[in-house]
Amino acid sequence: MKIFLTISAVLSLALLTAGQATEDHSQLVFGGHRSHTRPSLNLEGGITKVSYPPELKNHALVRFNGRKHHDVVFHHPGEWMYLDEHNLKPHDDPLERMLDHLDVWSRSADSEEILAHFTAHQFEHFERMMRLKGVPEGKDDWEVVERNLQDVADREATQITNKNIENRLQELAQGEDAFLTEIDDSGEEVESSGLFFDGLNQVMKKKHGKKDKPKKKRVNLDTWFTNYHPHNEIKDFFLQLADDYPELVTFIPSIGQTVEGRDIFAVRITEKEEDGSVKEKPQIWWQGLQHAREWAGGSTVQYLAHHFTSNFGKKDGVTAALRDVELIIVPVMNIDGYDYTWNKNRLWRKNRRQNSLGSWGVDLNRNWDDHFAEGGSSAFPWSETYHGPSAASEPEVQAMQKFFGEQKRIVGAIDFHCYSQLVLRPQGWTTKPSIHEEEHKFVGDKIVSLIKSVHGKKYISEPSIALYKTTGAGSDYFYGDKAKADNNGQSIYSYTIELRPSDTNPGGRSGFILPPEEIVPLGEEIVAAMDFFVAYVVANPLKG
């Protein structure tokens with residue numbers, strides 16, 4: 001006699017299986033492809049299962065007084081030091097020289113408080129130096145915020161995997177025409193057999209028939225924002241929007257390629273004419289995931305795209321906006337780095353350029369052709385703010401600058417990042433106020449006010465330079481002379497928005513890893529601000 005198991009029983013076993021897979025670091029991959037250790041469960045279309053190799057094992061997150069402890073000297077892998085023949089000259093400031101070796105997450109203006117990610121070797125060295133200096137761990141001088149960042153990444157991986165399994169099984173419980181399958185050793189999908197799976201499969205077959213299934217959607221929009229998604233799924237999400245809203249959405253397969261040859265896709269969202277054409281309208285530019293580990297920036301751009309498409313014809317403000325405005329969106333700028341955060345190192349920031357002397361990656365947000373390498377970035381290839389060998393040396397930045405310059409009617413641009421809850425306006429390269437400081441401040445302050453009105457989150461509106469100096473940044477490029485010249489002489493409202501969490505609340509302990517349950521509330525507060533932003537900057541374009 002066959003035993004027919006309930007969905008809850010299937011869910012329990014599936015979650016247990018996922019948890020075991022994460023713990024042993026087996027290389028579980030996407031779409032139901034074969035695992036290195038066991039066949040993977042595939043619920044008709046695949047489940048994203050995340051498991052990291054131990055690249056972050058014993059890496060620590062440490063808060064310390066930079067001005068007191070700038071005398072700690074680090075050596076990068078291979079024991080190379082700054083080499084003049086490679087233009088790797090040391091900073092004059094010993095603190096900056098020290099920080100070039102660390103992954104700095106946040107920093108006070110006077111550098112008396114720095115939050116930085118240390119590798120295992122760096123932390124051992126730092127801890128030893130503190131002992132030699134006779135400085136015990138304590139909040140005034142230094143404290144360990146997270147002792148093992150691998151644990152933080154692994155906990156998130158388990159949470160993502162479990163939520164994906166839960167979502168898939170809920171679809172089955174709601175009667176979706178799908179069957180449990182698994183992947184055999186040859187990589188082929190076969191129907192799952194055995195007492196456990198036979199029961200559920202027989203129920204589904206009896207209810208729906210074995211193969212008479214309706215056309216399957218690319219993604220499930222009902223559960224999309226309960227979790228984070230890898231690049232291939234994000235691409236499917238935007239293709240799904242193009243399928244569902246052909247009168248609004250144009251999917252652009254490629255605006256250029258990454259270092260590793262992946263196509264960077266873009267999306268246009270606006271009401272089309274009856275013949276499918278689009279009349280000339282003012283344009284808004286949004287981009288996400290320039291820094292690979294900032295997943296919340298990517299989910300927020302997705303949330304905005306879904307908000308404007310799904311509410312067209314339902315909400316007057318959205319409908320009016322898409323009749324009069326064209327949204328230009330680049331959802332994943334740094335595809336190579338983003339993929340790396342899903343498969344290798346959750347906290348990877350840069351692109352995947354192979355530099356000289358065995359280092360990897362360029363900080364794309366220091367590589368734009370605007371006041372390149374004038375401070376606030378590094379010539380040291382191991383630095384997290386390495387600006388690259390020359391302005392716009394990276395193909396990702398080249399593609400973005402070219403596509404941006406082709407638009408000609410942009411009035412507002414936002415680069416979404418995380419974290420710190422900041423709305424940063426031009427400029428980052430100088431303390432001199434921009435000629436549009438008054439207009440930029442008004443809009444930035446209003447964005448902060450609207451965000452707070454939704455869930456009470458407090459953001460800070462300030463010039464970029466007030467946080468720290470940056471050069472070669474995307475938001476400064478959008479406001480700069482080159483972009484203005486390409487944009488028919490029109491200046492652009494330009495911002496970098498650093499999303500949740502803040503560095504001062506408990507959620508900031510591991511700030512780049514925002515829990516998936518915060519995706520929707522984050523999206524809701526940004527939507528409120530962007531509804532205003534789109535309407536206001538179109539009605540009040542910058543002059544001069």
Are [X] and [Y] close enough that a side-chain donor and a side-chain acceptor fall under 3.5 Å?
{"X": "Arg268", "Y": "Gln407", "answer": "yes"}
{"X": "Trp285", "Y": "Gln283", "answer": "no"}
{"X": "Asn334", "Y": "Gln290", "answer": "no"}
{"X": "Gln302", "Y": "Trp224", "answer": "yes"}
{"X": "Glu517", "Y": "Gln159", "answer": "yes"}
{"X": "His417", "Y": "Glu294", "answer": "yes"}
{"X": "Thr250", "Y": "Lys272", "answer": "yes"}
{"X": "Thr258", "Y": "Asp336", "answer": "yes"}
{"X": "Asn162", "Y": "Glu166", "answer": "no"}
{"X": "Gln398", "Y": "Glu394", "answer": "no"}
{"X": "His291", "Y": "Asp363", "answer": "yes"}
{"X": "Asn164", "Y": "Asn227", "answer": "yes"}
{"X": "His307", "Y": "Asp531", "answer": "yes"}

Please name the pair of heavy atoms, one in [X] and one in [Y], separated by the smallest distance, quoted to 0.1 Å.
{"X": "Ala529", "Y": "Ile447", "answer": "CB-CG2, 3.8 Å"}
{"X": "Pro541", "Y": "Gln490", "answer": "CB-NE2, 4.0 Å"}
{"X": "Gly375", "Y": "Thr471", "answer": "O-OG1, 2.5 Å"}
{"X": "Gly428", "Y": "Asp476", "answer": "N-OD2, 2.8 Å"}
{"X": "Tyr477", "Y": "Asp370", "answer": "CA-CB, 3.9 Å"}
{"X": "Arg353", "Y": "Asn355", "answer": "CG-OD1, 3.1 Å"}

Taking the six-membered ring for Trp and the full ring for Phe, Tyr or His, determine whether the centres of [X] and [Y] are under 6.0 Å apart.
{"X": "Phe237", "Y": "His229", "value": "no"}
{"X": "Tyr495", "Y": "Phe478", "value": "no"}
{"X": "Trp348", "Y": "Trp342", "value": "no"}
{"X": "Tyr419", "Y": "Phe512", "value": "yes"}
{"X": "Phe312", "Y": "Tyr245", "value": "no"}

Does a side-chain heavy-atom distance below 4.5 Å link [X] with [Y]?
{"X": "Met400", "Y": "Trp368", "answer": "yes"}
{"X": "Ile264", "Y": "Ile335", "answer": "yes"}
{"X": "Val534", "Y": "Trp286", "answer": "yes"}
{"X": "Ile526", "Y": "Tyr303", "answer": "no"}
{"X": "Leu327", "Y": "Leu322", "answer": "yes"}
{"X": "Glu271", "Y": "Lys281", "answer": "yes"}
{"X": "Leu424", "Y": "Pro463", "answer": "no"}
{"X": "His436", "Y": "Tyr479", "answer": "yes"}

Can Arg218 and Asp243 be said to form a salt bridge (charged side-chain N to carboxylate O under 4.0 Å, His left out), step by step? CA-CA 9 Å; Arg218 300 172 191 270; Asp243 289 345; 2.8 Å; yes

Sidechain-backbone polar pair: [X] side chain, [Y] backbone, donor-acceptor under 3.5 Å:
{"X": "Asn365", "Y": "Gly474", "result": "yes"}
{"X": "Gln287", "Y": "Ile329", "result": "no"}
{"X": "Gln421", "Y": "Tyr459", "result": "no"}
{"X": "His455", "Y": "Glu525", "result": "no"}
{"X": "Asn345", "Y": "Glu55", "result": "no"}
{"X": "Asp263", "Y": "Pro253", "result": "no"}
{"X": "Thr341", "Y": "Tyr338", "result": "yes"}
{"X": "Asn487", "Y": "Ala483", "result": "no"}
{"X": "Ser254", "Y": "Gly256", "result": "yes"}
{"X": "Lys315", "Y": "Phe308", "result": "no"}

Arg409/Glu326 ion pair, N-O < 4.0 Å: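 The answer is yes: the pair qualifies as a salt bridge.
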
Asp103 bridged to Arg349 by N-O distance under 4.0 Å: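 Salt bridge flag = no for Arg349 with Asp103.
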
State the [atom1]-[atom2] distance between [X] and [Y], to the nearest 0.5 angstrom.
{"X": "Asn311", "Y": "Thr319", "atom1": "CG", "atom2": "OG1", "value": "8.0 Å"}
{"X": "Ser377", "Y": "His387", "atom1": "OG", "atom2": "NE2", "value": "4.5 Å"}
{"X": "Thr470", "Y": "Trp429", "atom1": "OG1", "atom2": "CH2", "value": "11.0 Å"}
{"X": "Ile410", "Y": "Lys484", "atom1": "CD1", "atom2": "NZ", "value": "15.0 Å"}
{"X": "Asn351", "Y": "Met333", "atom1": "CG", "atom2": "CE", "value": "8.5 Å"}
{"X": "Ser51", "Y": "Asp154", "atom1": "OG", "atom2": "CG", "value": "7.0 Å"}

Residue pair Thr309, Asp244: steps toward the side-chain hydrogen bond (donor to acceptor under 3.5 Å, both in side chains) verdict: CA-CA 9 Å; Thr309 51; Asp244 292 346; over 6 Å; no

Out of the candidates Glu438, Glu439, Glu462, Glu437, only one should pair with Arg425 under the salt bridge (Lys or Arg N to Asp or Glu O under 4.0 Å) rule; please name it.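 Result: among Glu438, Glu439, Glu462, Glu437, Glu437 is the only option passing the salt bridge (Lys or Arg N to Asp or Glu O under 4.0 Å) with Arg425.
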
Using the ring of each side chain (for Trp, its six-membered ring), is Phe265 parallel, tilted or perpendicular to Phe238, with breaks at 30° and 60°?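 Correct class here is tilted.
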
Is the number of heavy atoms from other residues, nucleotides or ligands within 6.0 Å of [atom1] ([X]) greater than 12?
{"X": "Lys441", "atom1": "NZ", "answer": "no"}
{"X": "Lys408", "atom1": "NZ", "answer": "yes"}
{"X": "Lys452", "atom1": "NZ", "answer": "no"}
{"X": "Glu406", "atom1": "CD", "answer": "yes"}

Evaluate the criterion salt bridge (charged side-chain N to carboxylate O under 4.0 Å, His left out) for residue pair Arg346 and Glu156; output intermediate values, then yes/no. CA-CA 10 Å; Arg346 173 62 180 86; Glu156 184 194 44; 2.7 Å; yes

